[in-house]
Amino acid sequence: MSTFTINWTDANGVAQQTTITQTDNTPDPTFPIVLLLHGGGGDINHMSNPTISPGVQFDVDFAPAAVIDRDWHGYPNVGIWGVSVSPPNNTIGLQGAIAQFGYTALNYAQVGPNDTINLPAVEIDAVVRAVLARFSNKRVVFVCHSRGGLLARYFLQRNRNDLNVLSRLAGIVTLHTPHQGSQVADVAVNVHNRIVQLEGDPNNAPYAFILNFLDGFVNNSCIPELEPSSPFLTNLQAGEAVPLKVAIPIHTFGGTNPRLLSVFVSIFDAMSAVPQWHWPPFHWTTYQADLINLLDGTPVAQICPEETVGGDVLVTDARSHLNGEASHHTHSVNHANALNNAAIQSDVCSVLATMRSNAACIGQSVPSSMIKGSTYWVTVTMKNTGTSTWISGVNCPFRLGTQNPQDNSIWGMARQDVPNPVPPGGTVTFGFNVTAPATAGTYHFQWRMLQEFVEWFGASTPDVQVVVTQAGAVTGLSISPLQVQSGNTMQITVTLAAAAPVGGVTVMLSSSNKYVVSPPPSMVVPAGYTSASIGMRPASVPFSSGATLTATLGTSSASASVSVLPSAAYPYGTAMAVGVGGSLI
Amino acid sequence: MSVSFPAIDPAAQIRDYRANYININTLSTTTAMPATMSLMSPSQQSLMNLNLPQALLDAMALFQKNNPDGRTLTAVKYMRITNGSPDIVVEDSSPLPAETDIVTFSHTVSALSINSASIVTHQLVATLASVTSGAIA
């Protein structure tokens, strides 16, 4: 574990320093940084070594074998073999566990863990900015226990207008956070208020010591903020009613096991006193006569009834939900064991894996051929299939970037900003002009989304191999039908060697016999197209006639011939009055 | 906390007893026995002449009295365990009685002081099957 320090100034202008511990594992380079936030009254061990602090780390799900063979002995035995308690959890803390899953995990002891949240809130403002600067190519995830989750939510509200920061937050995971307050906090506040009353009575002066001792458990500044109707929570929820400009997924975890410790009593089987014809003769066998589950919904339930319907001693599972949460996970674990429960740690890392920017190409329009140096309008439509909002105008903006090779400027640019914020699930069409390379050849047209300076994400768009030609050229002229009766229509189609650039391409038309077929002097192939058609009628002719049409572009040309038959409806003489060469339709 | 003992399944215990059985007479032919242990066969040491504790004899008499099938109880093996080690074993190479015939009795007496400890367990195996000798009840 290595450390680094952050200097910051608290609300009173006092210089402060926070030491951050950083795991030394080799992280997956595509994973975000995990910043751990412990709960109220906690310290750095909560997230790194909870067996030291808070220390109430027992495997409450442990169940000894119903019958245990104690082997053969020379003496009879009866009664209680022994009393044992839940074994300690041997799993590691969150910081180590998350590192094992390939993340860099940062941890620090918050200033004023028992104070109101305003003190650590100023600290985390500085911590996050320092972390973002230190890991300038990373996004950050908060993994929080208990009040740490409220601290994270408060951070979002305090920084809701700093999109440079918010655009770097991949998400939040809260473990047993009292998002909707805690009835236990209510009780603690009431107990404190009652102690204050008792202390005010002169008759209780002899008991001042014990009253002060008891008050030490319930008189922390952070506790009133955790009451379900506290002004802090009320204001926090009011602020959250206005959505953030970027999506920050918050995944919540809750607990339903108020058990802190189990006591096991191992008692001799009666047969342990009966000798057998064996050497040694006494076969001792014990069995579990009973167990005691401390705080197993009894003492706590008497003062916090809601704990009986699914609580973790301090917070009920129901109150650990958050409106708009991305997901919720419930484990039969108490408040302390949430810090080192292996199933939770695995579950957390599964959730972390979902906090990704991701994209899918749902459309791409680009000519497959271009004229060198010409300008073309192209479109790329992407869908936001990740959990982050794509925004521009920030230090690490979301963009479309060239691929194949990455960061190339073949088309005159390497990036396109998102034109507007794109929330998760939304789509965006990037429409822009590209300039064909100055040298004829075949070039890849392919793009991929990225968060600048952070990561490329999602699949690349389909690879379009664009053929860039020296100059525009006519490669074909076709007439359909090739034999047409006067008065009927025919279609003339011109084909180019490369798509027409922005502004289109004008192709000159001419006829070998304008008295039979008289095309317009030119036609335009629209931008992006390699061909265009016009329809026209030939002139009325008294007898079968023919004409050859020619399309010319620069030095290139193409020709096609058509036969025109006389029409019964338009006898000789009358047809000539219609006009020389026919008409366009 | 409440302590409750599970009910004893006598058939399971008898089967367990028989499964764990070791014939010490046979064992002595391959394994050195403690020097303090006296191993005799019932023909050498009549089981009827053993100096058994009265409590053990009372238990046998009570069993015989309450035995519903009226069959006679006959002792076939005896072991005295003193301070955790057998010191008297009366047994020949015959196996234990069948599970429907076997009955076992035991009695433990202890005397413990600051200077001494004596824990003596008497164990007797009897059978309800017909035998030609050894009946002590």
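Order of the sequence lines sets the chain letters (A, B, ...), proteins ahead of strands, with each chain counted from 1.
- Heavy atoms of B:Phe105 lying under 4.5 Å from chain A are absent altogether.
- Residue B:Asn66 places its CG atom among more than 12 non-hydrogen atoms of other residues, nucleotides or ligands, all under 6.0 Å distant.
- The shortest side-chain heavy-atom distance between A:Pro281 and A:Trp72 does not fall under the 4.5 Å cut-off.
- B:His107 places no side-chain N or O within 3.5 Å of a backbone atom of B:Ala59 that could act as its donor or acceptor partner.
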Show your working on side-chain hydrogen bond (donor to acceptor under 3.5 Å, both in side chains) between A:Ser266 and A:Arg70 and close with a plain yes or no.
CA-CA 11 Å; A:Ser266 193; A:Arg70 306 290 183 180; 3.1 Å; yes
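- Between chain B and the residues A:Trp279, A:Phe268, A:Phe282, the largest count of heavy-atom pairs under 4.5 Å involves A:Trp279.
- Neither the backbone nor the side chain of A:His73 comes within contact range of chain B; no heavy atoms are under 4.5 Å apart.
- Put simply, the residue from A:Val315, A:Leu226, A:Ile223, A:Thr177 that forms a side-chain contact (heavy atoms from CB on, under 4.5 Å) with A:Arg147 is A:Leu226.
- Ranked by non-hydrogen atom pairs under 4.5 Å with chain A, the options B:Leu96, B:Asn83, B:Asn23, B:Ile24 are led by B:Asn83.
- Interface remark: A:Pro275 contributes backbone and side-chain atoms alike to the contact with chain B (heavy atom separation under 4.5 Å).
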